[in-house]
Amino acid sequence: MNNDLYAVVGHPVSHSKSPRIHSLFASQTGEPVEYTAIQAPLDGFADTVRQFFERGGKGVNVTVPFKEQAWQLADRRTERAEKAGAANTLYYDSEGLLTADNTDGCGLVRDLTENHGLSLNGARILILGAGGAVRGVIGPILAQQPASLTIANRTVAKADALVDLFADEAGDTVLSACGFDQPDQPFDLIINGTSASLQGDLPPLSPNVICAESQIYDMMYSLQTTTFNQWALEQGAEKVFDGLGMLVEQAAESFRIWRDVTPETASVIEELRND
Ligand code: ATR
């Protein structure tokens, strides 16, 4: 039997762990899945995706810098993708429409709640950043009904815009925006969604936002403790997590959408950690 073809499309893409994750899912579930990485030219995302589906591709994951283009390219979007303004999962639905979904927020929430045992319900949450990565996770976080969600960003206007965009999903959650210098009280959970770590930079936060019980989550991951998590540990945080689990969980949700089979993730996270 021929395998069904899937791919992650990005630029660059050679560093992507998605082929490894999906091949682990495929062997674990016995699903006939073959998953590759495709580097699209920066001006050729749509053509690359079209050609892949024409060759019989069944589904595409999308990574930097094409998530917004994937959202635009689709004929229809799931509700969570619509609000996220970006898509990481593409497939043709039963009516032949190119459909865009975004599984990043669901992946983050699953990693926090199921893998790390955190309860977001009633929690005071601080999220750092207001770019595409943060926009993609706000809806699923609000769905957990935290007591408050504070979005802090270097450019405050972008955090303000996210508050406006998600105000209708906030329910009883106090949703607010600010700069990095404003928060001065401990939070239950602090999520770093800025790309500052890429430059080895730190958002200039007051150490007062961290107490021993604060849980810290960096959406980035790396072999070493991330710059942000290192800083948090130095301020007295005892629980810090990186984004590897989120990466595997968003992949698992894409796999479930495409195959209608839910892979087990703990062993895959463990394997990747040991790679
Ligand atoms: P992504 O898709 O990773 O979210 P993005 O949309 O470019 O990428 O957003 C990057 C985020 O990281 C933004 O919130 C950005 O802050 P600004 O909105 O003020 O640009 C934040 N960021 C990037 N570099 C940073 C740094 N050195 N310090 C603090 N925040 C930084």
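Atoms within a ligand are numbered from 1 in the order they appear, just like the ligands themselves.
The protein heavy-atom contact nearest to atom 14 (O) of ligand 1 is Asn153 OD1, 2.7 Å. Of all protein heavy atoms, the one lying nearest to atom 17 (P) of ligand 1 is Thr155 OG1, 3.4 Å. Among all protein heavy atoms, the one lying closest to atom 9 (O) of ligand 1 is Gly131 CA, 3.4 Å. The protein atom (non-hydrogen) at minimum distance from atom 8 (O) of ligand 1 is Gly132 N, 4.4 Å. Closest to atom 23 (C) of ligand 1, if we only count protein heavy atoms, is Ser195 OG, 3.3 Å. At the shortest separation from atom 26 (C) of ligand 1 among protein heavy atoms lies Arg154 NH1, 3.3 Å.
When distances from atom 6 (O) of ligand 1 to the protein are checked, a heavy atom turns up under 4.0 Å.
In this structure, the side chains of Gln69 and Val49 stay at 4.5 Å or more apart for every pair of heavy atoms.
With a 4.0 Å cut-off on non-hydrogen atoms, Ala133 touches ligand 1 through its backbone as well as its side chain. The proximity of Gln199 to ligand 1, defined as any non-hydrogen pair under 4.0 Å, is limited to the side chain. Contacts of Thr194 with ligand 1, taken as heavy-atom pairs under 4.0 Å, involve both backbone and side chain. Within the 4.0 Å heavy-atom criterion, the part of Lys158 lying near ligand 1 is the side chain and not the backbone.
Residue contacts with ligand 1: Gly193 is placed with no nitrogen or oxygen under 3.5 Å of a nitrogen or oxygen of the ligand (distance criterion only).
Proximity of Ala130 to ligand 1 is established by a heavy-atom distance of less than 4.0 Å.
Considering CG of Leu5 and OG1 of Thr36, their distance stands at 7.0 Å, rounded to 0.5 Å.
With Thr194 contributing its side chain and Gly129 its backbone, the two residues share no donor-acceptor pair below 3.5 Å.
For Asn61 and Ser254, the side-chain atoms include at least one donor-acceptor pair closer than 3.5 Å. Between the side chains of Tyr91 and Asp101, no donor-acceptor pair of N or O atoms lies under 3.5 Å.
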